[in-house]
Peer 1: 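Below you'll find the structure I mean.
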2 protein chains.
Amino acid sequence: MPTPERTSRDAIVDAGRDLLETQGLEGLRGLTMQAVADRVGVRAPSLYKRVRNRRELVALIADATVRELGARLDAAAAGEPDPRRALAALARAARSFARERPVAFGLVFTPGADLDLDPESLARASAAVIRIAAELAGDDHALDAARTVTAWLNGFVGMELSGAFRLGGDVDRAFEFGIASLTGALTLRRREESGAPLAISVSEH
Amino acid sequence: MPTPERTSRDAIVDAGRDLLETQGLEGLRGLTMQAVADRVGVRAPSLYKRVRNRRELVALIADATVRELGARLDAAAAGEPDPRRALAALARAARSFARERPVAFGLVFTPGADLDLDPESLARASAAVIRIAAELAGDDHALDAARTVTAWLNGFVGMELSGAFRLGGDVDRAFEFGIASLTGALTLRRREESGAPLAISVSEH
DNA sequence: ACCTGAACACCGTTCAAGT
DNA sequence: ACCTGAACACCGTTCAAGT
């Protein structure tokens, strides 16, 4: 006689996302299988019917986060036809998202995390940056430009979440300074290309 | 009758650094108190005479890593009088260090890690970037410029360690592209200031 | 004064037994 | 077919007892 399903994979992931954000990944409260089970109303062993193990649960939470981030970035960039304004809007949207879900954002961008995220989710999350980078820097430099922007953006937001900006000053202003600097640098790349070279390239080794 | 000391705080931290790099922070092998104790030749409870708890041990490992990074950055930048070349050398040194100690580097730059690193170690590690940023962008923009460079550099290296550059292309080239772009952008800031404005600033908001 | 075995609480995970 | 209590291995940490 089959017993009825008392929870679902989605409910488990949602509970996990919530717990991650409120209790952290590891701490003494932390994202434990026990805590997730309590939230969804089953005993811990039942979770293993829906999820291979805790590692997979964490990966699913990370994937959901990447998808949501991608949707936000798309929406922010779509509203701005001018690529410079679109880049600024996208960057601000990423920063807002990170402030809403600091722990999940941190998880996704943790260097050694070794979640293997769904390539499709990742592609979706980076599509807008790549498109804008191509518009700003030209097709030849699109990938390099996108990597420069993404690195700066992830780095800035990650440092802000870590409290790494300890020297005072206005962090909002530093963020806008970064946007303006990158926009300027990438735009110049395009100008260089179109025949008006400026002596800005640093000698490489 | 006092028993002789069979280990030291330094030996514990060194063993911890080694284990962290070879076994990872958490995994099944992982940085466990048991594994550290085995390495230094005592039983796990004895570690608590030298270190408050595992959390403190991890923080000490992170601090040692930051100090070593700082020394490397200083050395790399000191060899180059031209600030543009100095910035490039510093960036490459940071990337090399991250490749030598990927796990420790990742730990230090993990967004939610909540190690509270020694402010002195951090100041030492960021001094060279700030000095170079001031030379490139002028004193008024030094802090913003340093934050832009540091964010890009940490972001790039972190993404590289995560395997986040999945779209092919030449990652080395993207790194050099980033160095050149940032150097150009910050240098332009200075030119703008000195009375030769270029229409590169993005409209803010 | 430092070291240790024993013990505790906690956690991820498995599994046989229930329905 | 899903759920559960019981159990296992493992981990961080404490502590009384040894030297």
Side-chain angles (χ1 to χ4, degrees), chain A residues 1-62 103 107 110 112-116, chain B residues 1-62 103 107 110 112-116:
Chain A
M1 189 68 109
T3 57
E5 307 188 355
R6 257 166 249 186
T7 185
S8 69
R9 192 164 159 114
D10 280 352
I12 289 168
V13 174
D14 283 347
R17 292 185 79 183
D18 222 66
L19 278 165
L20 176 69
E21 217 52 70
T22 56
Q23 315 286 1
L25 182 63
E26 306 278 350
L28 278 168
R29 304 246 65 80
L31 178 67
T32 64
M33 298 303 271
Q34 177 65 49
V36 173
D38 284 352
R39 282 286 191 102
V40 300
V42 298
R43 302 290 181 177
S46 298
L47 298 177
Y48 294 82
K49 286 282 163 185
R50 305 281 193 286
V51 147
R52 187 163 19 228
N53 49 32
R54 181 176 181 274
R55 185 184 159 81
E56 193 192 45
L57 175 56
V58 172
L60 290 168
I61 292 169
V103 186
L107 170 67
T110 291
D114 211 30
L115 328 153
D116 41 9
Chain B
M1 189 66 109
T3 58
E5 307 188 354
R6 257 166 249 187
T7 186
S8 69
R9 191 162 159 118
D10 279 353
I12 289 168
V13 174
D14 283 348
R17 293 184 77 182
D18 223 64
L19 278 166
L20 176 70
E21 217 53 70
T22 56
Q23 315 285 3
L25 182 63
E26 307 276 351
L28 277 168
R29 304 245 66 79
L31 178 69
T32 63
M33 298 303 270
Q34 176 65 47
V36 173
D38 284 351
R39 283 286 191 103
V40 300
V42 298
R43 304 289 181 178
S46 298
L47 299 177
Y48 294 83
K49 287 282 163 184
R50 304 281 193 288
V51 147
R52 187 161 23 225
N53 48 34
R54 182 175 180 274
R55 185 183 158 82
E56 192 193 44
L57 174 56
V58 172
L60 289 168
I61 292 168
V103 187
L107 170 67
T110 291
D114 211 30
L115 328 153
D116 41 7

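Chain letters run A, B, ... following the sequence lines, proteins first, then strands; residues in each count from 1. Just so you know, these numbers come straight off a predicted model, no measurement behind them.
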Peer 1: Rounded to whole Å, how long is the line connecting atom CG of A/L25 with atom P of C/dG12?
Peer 2: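 Distance check: A/L25 CG to C/dG12 P gives 10 Å.
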
Peer 1: May I have the distance from B/D38 (atom CG) to C/dT4 (atom P), rounded to whole angstrom?
Peer 2: 11 Å

Peer 1: Taking atom C1' of D/dA1 as reference, at what distance in whole Å does atom CZ of A/R6 sit?
Peer 2: 12 Å

Peer 1: Can you pull out the residues from residues 8-23 of chain A that lie within a 4.0 Å heavy-atom distance of DNA chain C?
Peer 2: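 Within residues 8-23 of chain A, no residue comes under 4.0 Å of DNA chain C.
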
Peer 1: Side-chain atoms of residues 8-21 of chain A: list all donor-acceptor pairs with protein atoms under 3.5 Å, sequence neighbours left out, distances to 0.1 Å.
Peer 2:
residue : atom : partner : partner atom : Å
A/S8    : OG   : A/A11   : N            : 3.0
A/R9    : NH1  : A/R50   : O            : 2.9
A/R17   : NH2  : A/E68   : OE1          : 2.6
A/D18   : OD2  : A/R39   : NH1          : 3.3
A/E21   : OE1  : A/A104  : N            : 3.2
A/E21   : OE2  : A/V103  : N            : 2.7

Peer 1: Where along residues 42-54 of chain A does a heavy atom come under 4.0 Å from DNA chain D, residue by residue in number order?
Peer 2: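 Contacts with DNA chain D under 4.0 Å: A/V42, A/R43, A/P45, A/S46, A/R50.
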
Peer 1: Using the salt bridge (charged side-chain N to carboxylate O under 4.0 Å, His left out) criterion, which residues pair with B/R55? Sequence neighbours excluded.
Peer 2: B/D114

Peer 1: Atom CD of B/Q34 to atom P of C/dG5: distance rounded to whole Å?
Peer 2: 10 Å

Peer 1: Got a donor-acceptor pair under 3.5 Å from the side chain of A/T3 to the base of D/dC3?
Peer 2: no

Peer 1: Where does DNA chain C pair, written as one dot-bracket string 5' to 3', with Watson-Crick or G-U pairs under 3.5 Å, ( ) inside the strand, [ ] for crossing pairs and | for another strand?
Peer 2: ||.|||||...|||||.||

Peer 1: Could you list the donor-acceptor pairs under 3.5 angstrom formed between side-chain atoms of residues 29-36 of chain B and any protein atom two or more places apart in sequence or on another chain?
Peer 2:
residue : atom : partner : partner atom : Å
B/T32   : OG1  : B/A35   : N            : 3.0
B/Q34   : NE2  : B/D38   : OD1          : 3.1

Peer 1: On a heavy-atom basis, which atom in B/L107 and which in B/A113 lie closest, and how many Å separate them?
Peer 2: O-CB, 3.9 Å

Peer 1: Both B/P4 and A/G27 contact DNA chain C. Which one's nearest nucleotide lies toward the 5' end?
Peer 2: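 Upstream on the strand: B/P4.
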
Peer 1: Can you check whether B/R55 has a side-chain N or O nearer than 4.0 Å to OP1 or OP2 of D/dG12?
Peer 2: no

Peer 1: Quick one: OH on B/Y48 to CD on B/E56, what's the gap to the nearest 0.5 Å?
Peer 2: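 Between B/Y48 OH and B/E56 CD, I get 11.5 Å after rounding to 0.5 Å.
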
Peer 1: Atom CE of A/M33 to atom P of C/dC10: distance rounded to whole Å?
Peer 2: 18 Å

Peer 1: Hey, could you give me the CD1/CG distance between B/I61 and B/L25, rounded to the nearest 0.5 Å?
Peer 2: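 One finds 8.5 Å between CD1 of B/I61 and CG of B/L25.
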
Peer 1: Is the shortest side-chain heavy-atom distance between A/L57 and A/L47 below 4.5 Å?
Peer 2: no

